[in-house]
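Reviewing the structure listed below.
What's counted below: heavy atoms across the whole structure, side chains too, no hydrogens, waters or symmetry copies. Nothing here was measured: the structure is a model prediction, and the numbers come from that model.
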Amino acid sequence: MARQLRFNGTVGSGVRSPSVHKARIVDLGEFEGLFRTFSHSAWRLETRRRYASDEATDTYRQFVETGGVEWDESDPYCELIRSQTAQGKRVERVRIVDQPPTTGQLYLLNNAKRNSRLGEDIRNLQRADADSLQLPPDDFWLFDSRLAARLRFDDGDHLVDVELITEPAEIVRYSVIRDAAWHHAVPHEQFAAKPSSGE
């Protein structure tokens, strides 16, 4: 069982710090530019049970039909991440996984094989452990420990826009969330090899 961590209340509290919360909403194009300009680290917490954008892809349909995917590692995202990690920059993420995993989560567990070949370090955390740690429902990226990008979804699980946060107390809060999740998460290779407790 993951031990519970607290920071200014709870790690995952949805309550903002008492200081003035300053944020800027940007479109997806400006958000994508952050992956070209970060200096040393890009870290993500993935908390959702499904992503509508995944379900619209040919690879998702292939996964549902066959249980596997032939990943294309030459698309623009792959080229970008490969070039960034080749420079020694870190791209890391923790994916929260239900028990049993949703179809979307199983798809992302398969996708981790591709992203790992690009140089990403991907780890997984059971939702029960995330709940024990009181991690937030926020799906976010943290760039260079100075800029948080909180992804905002509509009721249909479509990514709508991104909230950029630079307020220092909020960056500290997101950094504590990152450290707690990273400490308890399991490398995706080990996680994928673990049998389901329901089997």
Side-chain angles (χ1 to χ4, degrees), residues 26-98 100-127 130 138-145 147-153 156-162 164 178 181-182 185-196:
V26 299
D27 61 24
L28 302 185
E30 186 170 348
F31 167 63
E32 289 171 4
L34 297 174
F35 293 91
R36 297 181 179 85
T37 58
F38 76 93
S39 298
H40 58 81
S41 65
W43 188 93
R44 183 175 182 185
L45 180 65
E46 292 184 5
T47 61
R48 303 182 68 82
R49 291 177 169 86
R50 68 182 288 261
Y51 295 89
S53 59
D54 288 342
E55 295 175 8
T57 64
D58 290 337
T59 52
Y60 188 89
R61 286 189 288 275
Q62 183 184 139
F63 178 76
V64 170
E65 291 171 3
T66 70
V69 179
E70 294 181 12
W71 295 104
D72 176 9
E73 297 181 21
S74 63
D75 65 41
Y77 175 80
C78 291
E79 295 293 347
L80 175 60
I81 297 303
R82 188 182 292 110
S83 69
Q84 295 288 52
T85 57
Q87 297 174 53
K89 299 179 184 180
R90 298 194 322 276
V91 180
E92 303 166 334
R93 63 178 93 203
V94 169
R95 289 174 167 151
I96 294 177
V97 182
D98 290 278
T102 66
T103 301
Q105 290 167 350
L106 290 171
Y107 170 78
L108 291 175
L109 288 170
N110 189 289
N111 174 261
K113 295 181 290 187
R114 179 198 73 165
N115 285 23
S116 294
R117 290 193 292 266
L118 306 178
E120 289 194 29
D121 188 344
I122 301 175
R123 302 185 185 185
N124 298 288
L125 183 66
Q126 295 284 1
R127 191 171 298 276
D138 297 16
D139 210 283
F140 69 91
W141 282 91
L142 184 62
F143 295 94
D144 297 328
S145 299
L147 170 68
R150 188 168 71 89
L151 281 59
R152 308 199 317 171
F153 296 83
D157 298 305
H158 297 89
L159 179 59
V160 177
D161 56 29
V162 178
L164 298 187
R178 174 199 60 200
W182 193 250
V186 177
H188 83 92
E189 303 93 341
Q190 296 176 27
F191 189 89
K194 290 171 60 179
S196 169

Among Thr102, Asp139, Asp157, which residue meets the side chain to side chain donor-acceptor pair (under 3.5 Å) test with Arg48? Asp157

Search all heavy atoms of Leu45 against all heavy atoms of Ala181 and return the closest pair with its distance. CD1-CB, 4.3 Å

Looking at side-chain heavy atoms only, is the closest gap between Leu34 and Leu164 below 4.5 Å? yes

Where is the tightest heavy-atom contact between Gly68 and Asn110, given as atom of each residue plus distance? CA-ND2, 4.1 Å

Please assess Val94 against Glu46 for the test side chain to side chain contact (heavy atoms under 4.5 Å, CB included), listing each intermediate value before the final yes or no. CA-CA 6 Å; Val94 169; Glu46 292 184 5; over 6 Å; no

Under 4.5 Å between any side-chain heavy atoms of Lys89 and Phe38, yes or no? yes

Between Phe140 and Leu151, what is the shortest heavy-atom contact and its length? CA-CD1, 4.2 Å

Can you find a heavy atom in the side chain of Arg114 that is under 4.5 Å from one in the side chain of Cys78? yes

I need the Arg117 CZ to Thr85 OG1 distance, nearest 0.5 Å. 13.0 Å

Taking the side chain as C-beta and beyond, is there a heavy-atom pair between Asn115 and Ile81 under 4.5 Å? no

Is the shortest side-chain heavy-atom distance between Leu108 and Tyr51 below 4.5 Å? yes

Is there a side chain to side chain contact (heavy atoms under 4.5 Å, CB included) between Thr37 and Phe143 once you walk through the steps? CA-CA 9 Å; Thr37 58; Phe143 295 94; over 6 Å; no

What do the steps show when you test His158 against Ser53 for side chain to side chain contact (heavy atoms under 4.5 Å, CB included), and what is the final call? CA-CA 6 Å; His158 297 89; Ser53 59; over 6 Å; no

Hey, does the side chain of Thr66 reach the backbone of Phe63 with a donor-acceptor pair shorter than 3.5 angstrom? no

Just verifying a value: how many Å separate Phe191 CZ and Arg95 CZ, rounded to the nearest 0.5 Å? 11.0 Å

Closest contact, heavy atoms only, Gly156 versus Ala52: O-CB, 3.6 Å

Is there side-chain contact between Asp138 and Thr47, with heavy atoms separated by less than 4.5 Å? no

Any non-hydrogen side-chain atom of Glu92 less than 4.5 Å from a side-chain atom of Glu120? no

Taken to the nearest 0.5 Å, the spacing of Glu65 CD from Asp58 CG works out to 9.5 Å

For the atom pair CD (Gln105) and CG (Asn111), what is the distance rounded to the nearest 0.5 Å? 13.0 Å

Asp98 side-chain N/O to Pro101 backbone N/O, donor-acceptor pair under 3.5 Å: no

Side chains of Phe35 and Trp141, heavy atoms from C-beta outward: is any pair under 4.5 Å? yes

May I ask you to establish whether Arg123 and Trp182 are in a cation-pi arrangement, using a distance under 6.0 Å from NZ or CZ to the six-membered ring centre and at most 45° from the ring axis? yes

If you measure from CG on Asp144 to NE2 on His40, what distance do you get to the nearest 0.5 Å? 4.0 Å

Side chain to side chain contact (heavy atoms under 4.5 Å, CB included) for Val186 and Leu125? Distances and angles first, verdict last. CA-CA 6 Å; Val186 177; Leu125 183 66; over 6 Å; no

Yes or no on side-chain hydrogen bond (donor to acceptor under 3.5 Å, both in side chains) for Ser145 and Arg178, after CA distance, side-chain angles and deciding distance? CA-CA 10 Å; Ser145 299; Arg178 174 199 60 200; 2.9 Å; yes

With sequence neighbours left out, the residues meeting side chain to side chain contact (heavy atoms under 4.5 Å, CB included) with Thr59 are Thr57, Val69, Trp71, Tyr107

Please check if any side-chain donor atom of Gln84 sits under 3.5 Å from a side-chain acceptor atom of Gln87, or the reverse. yes

What is the distance from atom NE2 of His188 to atom NZ of Lys113, rounded to the nearest 0.5 Å? 9.0 Å

Nearest heavy atoms of Ala130 and Ile96, plus distance in Å: CB-CD1, 3.6 Å

